[in-house]
Every structure is written in C-alpha cells, then in structure tokens.
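First up is the structure itself, then whatever we jot down about it.
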Amino acid sequence: MIVAGGVYLETCSTPASSLLMGSAGRAALALVGLTDRIRLHAFQPHERALEVYPNFEPLGIEVMLHPSPARIAFHYLYPLARPRISPVPLPESGTVEVTGKTVLRFGCLEGDFRVNAVRAVYDPQSAVAPSPFGQNGSRAERLAIVLNRAELRETARQAELESAARFVLERDGAEVVVVKSGPVGAYILARGEPMQHVPAFESRAVHKVGSGDIFSAAFTYYWASLDMPAAEAAKLASLHAADYVESRLLPLQTPPSDRSPMQVRSAGGVLVWASPVGASGRWIHDEAMSALRDIAPGSLSLLTLAEAGQPAPETPFHTVLILAQALEANAMAYASKARARGQAVVVYLETASDQQCRSLEALGCIMEADLATALYRATWA
Amino acid sequence: MGGSSDPPPPRPPEDRCPWRVEAVFPAIDGLVEGAPLVVLLKGVSTLHVSLATKSGVQVGILAGVPNLQQLIECLRDGVQYAAVITKADTSTVFCTITRQA
C-alpha cells in the first residue's frame with residue numbers, strides 16, 4: 001500500500017508531546033500493524049531526510065522523500081486548539097506522481113500527489129480549500145473520499161449532510177464518501193445505497209491530534225485492501241481510532257479493542273460552570289465553549305453559568321461541566337447539587353487536594369485533568 | 001577595516017543529545033510501572049533504537065520521534081541512556097528514556 005501526504009513536526013504544550021508524524025507518517029506507522037509492504041511518499045528538505053528514515057524504515061516502511069524547501073511544523077497549545085503552523089509563508093514543492101494498486105492520499109500543505117491507482121482513498125485534509133480528487137489529474141478505478149464535516153461543508157456548500165455527501169460522491173466520481181464526525185462517529189454514503197452511520201467508541205482519554213489520520217488509514221486497509229463493505233470498514237476504523245486516542249499506540253493492534261459505542265446526546269445540553277477570572281480562566285472558558293461547539297455542532301445547547309450566585313437553571317441540561325483551575329468551595333457545592341438533580345458532572349481541574357478528589361468521586365463526578373478529554377466526556381456523559 | 005585581531009573564544013560544542021524521549025508500546029506480560037528497560041542501538045544500514053526487558057525481550061522500536069537521529073548518534077558515541085516504564089495497563093506501556101548525566 002502507498003501512503004502519500006505530509007510528514008510534519010507536531011508539538012503540543014499540554015499534555016506535552018513532540019512527534020514526527022503528519023498525516024502520512026502517522027498513517028504509515030499505523031498500517032504497519034495491519035499490513036506489510038507500505039511505501040510512504042512525503043516532502044522533506046534534504047537536510048532533514050536523515051531524521052525521517054530511522055523513524056519509519058526499521059518498521060518495514062519504504063520511505064520516498066521528495067524535496068521541499070522547509071519542514072512544516074504544527075504547534076498545539078492543547079489537542080483541540082487550532083495549531084500554529086510554520087514556516088510562514090509555507091514552502092512550495094510542486095506535484096509528484098504516485099502509482100500503485102492501493103493508494104491512501106492525504107492533502108498536504110507544501111505540495112500535491114497525483115495518484116494513479118486501482119483503489120484510492122482520498123482525505124483532503126483542508127477545511128479551507130479542499131480540492132477534488134481529480135483536479136490535479138489523479139485517477140482511480142475505485143475511489144473513496146474520507147473527509148470531516150468541516151471539509152464536507154466547505155466542499156459542498158450545503159448544510160444537509162446527506163445531500164452534501166451526495167454532491168461529493170457525484171462530483172468526484174467516487175464509490176463511497178465517508179464523513180468523519182468526531183464523537184458522533186462517521187456517516188457512510190455508498191453509491192446506490194442509503195446513508196449509513198457507525199458510532200464513535202468509548203475511550204478513557206482523548207488524544208485527539210491525528211485521530212482522523214488513523215481512521216483514514218484503517219478504513220483504507222479494510223475497504224481497499226480487504227474489500228470489505230464501506231460501513232464495515234468504517235466501523236473497524238472507528239474502533240482503531242478509539243484505540244489510538246486512548247493510548248497513542250502505534251502501530252495499530254489487530255483486532256481493535258472491544259468498546260462500547262458512544263453517542264452524543266441529541267437532547268439537552270451542557271451547562272458550563274466556570275469562573276473565568278484572569279487571562280487563563282477566561283481562555284479556558286472561551287476555548288471550552290468554542291471546542292464544544294466544534295465537537296458536536298448543532299446538537300448541544302450550551303450555557304455558561306459564570307457566577308456562583310446565579311440560580312441553577314432547571315433542566316434540560318443533562319451534563320454540568322465544571323471548569324476550575326483550583327477547586328473552590330462553591331464549585332464543590334454546585335457539583336453536589338447537580339448530582340442531586342441527576343445530572344452528569346464532569347470536572348476539569350488543574351489542581352485539587354486528595355480530599356476534594358475523593359469527595360467529588362464519591363458524588364459520582366467524572367474527574368479529568370486533561371482539557372480535551374474533559375470536553376469530550378462532557379458531550380458523552 | 002575593523003574588528004579585532006584576537007580570535008573569538010572557542011564555543012563549547014553544541015549538545016545535541018536529547019535529555020528525554022517518551023514512547024508508547026504494547027503491553028507485555030510482567031512489565032509493570034517502575035520496571036527498567038534496556039536501550040539498544042540496532043540495525044546495519046538504517047540504525048534504530050529498540051527497548052528491551054532486562055531478560056532480552058524486545059518491547060518495541062522507537063518511531064515518530066523528532067530527534068531520533070540525534071539519539072542514535074549519541075548512543076553510537078557512547079552517551080548513556082536509561083529507560084523506565086512510567087505507566088502500564090492491560091494493553092499499553094508508557095516509557096521514558098532519560099539521558100544519564
């Protein structure tokens with residue numbers, strides 16, 4: 001199998017990590033657990049090439065690097081934040097031909113891959129200007145498009161999911177369109193069939209960066225290499241993505257872990273209890289609200305209860321998300337009242353005493369020190 | 001014209017050896033939090049870094065590490081590294097590799 005796309009430096013401030021991955025690098029490493037004979041095509045400056053090979057070749061991946069003026073880096077403050085991308089302006093590396101039986105093509109920032117394949121999966125990786133598969137001359141006898149909802153919205157310019165997916169299916173001459181939808185799972189529209197859905201699966205942690213790459217890699221293996229029906233391939237891809245966001249373990253382990261399907265509540269909403277004091281408190285609050293809207297667009301109602309003195313609203317909020325840098329007494333009291341009302345309570349806090357933790361856990365609250373995981377769990381609770 | 005006739009003071013050699021690298025591997029029976037691992041430099045054409053238990057069972061190969069090439073060069077130059085399991089569950093072990101001063 002050929003994987004073509006970006007190999008980038010990815011750093012994150014909290015939780016701290018520094019990886020040489022990118023979509024194609026991550027997908028290639030993931031696929032080592034599923035198949036052999038993987039060839040990775042990526043752009044990389046000559047002086048960085050020696051840093052790439054030892055990360056992939058010892059695992060049996062054949063690395064084909066194409067020249068680029070600079071290596072691209074993504075820096076995340078936390079995994080759900082919009083990344084800072086450097087250098088600016090981005091390097092330009094042109095278009096490279098890639099021919100093979102099965103190709104997974106990712107859109108990349110510094111160049112492009114023109115694909116000639118029997119079976120191809122295309123993940124455009126651009127919410128700004130996702131280009132059609134064939135626009136650069138790419139061809140495949142059988143084609144699947146795997147994209148997320150933001151990319152679909154930008155591509156089809158229509159809000160309704162199925163008609164937007166059908167637009168992409170027809171425009172690109174694809175056999176199937178898979179719409180990755182984060183905690184909602186994925187929607188699959190295969191030619192001549194009704195839209196199908198597969199869930200996202202429960203995970204104890206949500207290391208979100210790269211989860212879509214894992215989904216695309218696994219889907220390519222099951223759909224393109226094993227010829228599974230698209231919905232079945234997407235379900236296995238969703239399970240592998242859950243494994244990855246929980247552990248960040250690569251290569252993927254097969255079979256994926258058994259997990260419970262998760263569903264974002266379609267009724268009710270998340271009440272965010274916060275004390276947005278100071279720059280960091282305000283940032284956490286604003287980031288949480290923005291991320292919650294992105295995680296489950298249109299399906300969650302959100303309200304901030306910023307002052308402890310405000311009366312607690314009556315339902316319909318099914319979950320209370322408490323954002324606390326340090327756990328104040330009024331947050332503890334609010335958590336207790338919410339549990340008494342039967343609401344789920346997720347508490348994100350940076351520091352807490354053992355006694356406070358024990359008290360909250362005794363109430364049945366979900367405690368999280370990782371902001372991204374707390375936000376996801378609030379939508380799932 | 002200008003400048004000094006004195007040569008600039010010598011700069012200390014750049015220290016490129018990473019101090020800390022983290023990795024995740026599949027769980028192996030008997031690996032528990034706090035267990036030490038051996039850091040090994042392996043390979044012929046493409047060198048790589050492997051972690052193994054004290055009894056010689058390979059735990060995994062480092063991949064996706066930005067400064068892996070520097071780590072390889074430092075291991076080749078004899079710089080000492082120690083690895084320990086920082087967290088272990090039924091499916092996964094998290095390891096930290098630390099340069100020994």
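Each chain gets a letter, A, B and so on, in the order the sequences are listed, and its residues count up from 1.
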Name the region of [X], side chain, backbone, both or neither, that has any atom closer than 4.5 Å to a heavy atom of chain B.
X	answer
A/E51	both
A/L9	side chain
A/L19	both

Test item: side-chain donor near acceptor, [X] and [Y], under 3.5 Å:
X	Y	value
A/S13	A/H75	yes
A/Y244	A/R26	yes
B/T96	B/T98	no
A/S238	A/K235	no
A/S23	A/Q125	yes

Heavy-atom distance under 4.5 Å to chain A: side chain of B/N67, backbone, both or neither?
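For B/N67, neither part sits under 4.5 Å from chain A.
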Under 4.5 Å heavy-atom distance to chain A, tell me which part of B/I72 shows up: side chain, backbone, both or neither.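 Side chain only.
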Let's test your reading of the structure: which of A/V7, A/T11, A/L20, A/V52 forms the most heavy-atom pairs below 4.5 Å with chain B?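 Most heavy-atom pairs under 4.5 Å with chain B: A/L20.
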**Request:** Heavy atoms only, distances under 4.5 angstrom: which of B/S50, B/S91, B/G60, B/P26 has the most pairs with chain A? Name it, please.
**Result:**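 Ranked by heavy-atom pairs under 4.5 Å with chain A, first place is B/P26.
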Please work out which of the three classes, parallel, tilted or perpendicular, describes the rings of A/H41 and A/F113, given edges at 30° and 60°.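 Perpendicular: the ring planes of A/F113 and A/H41 meet at over 60°.
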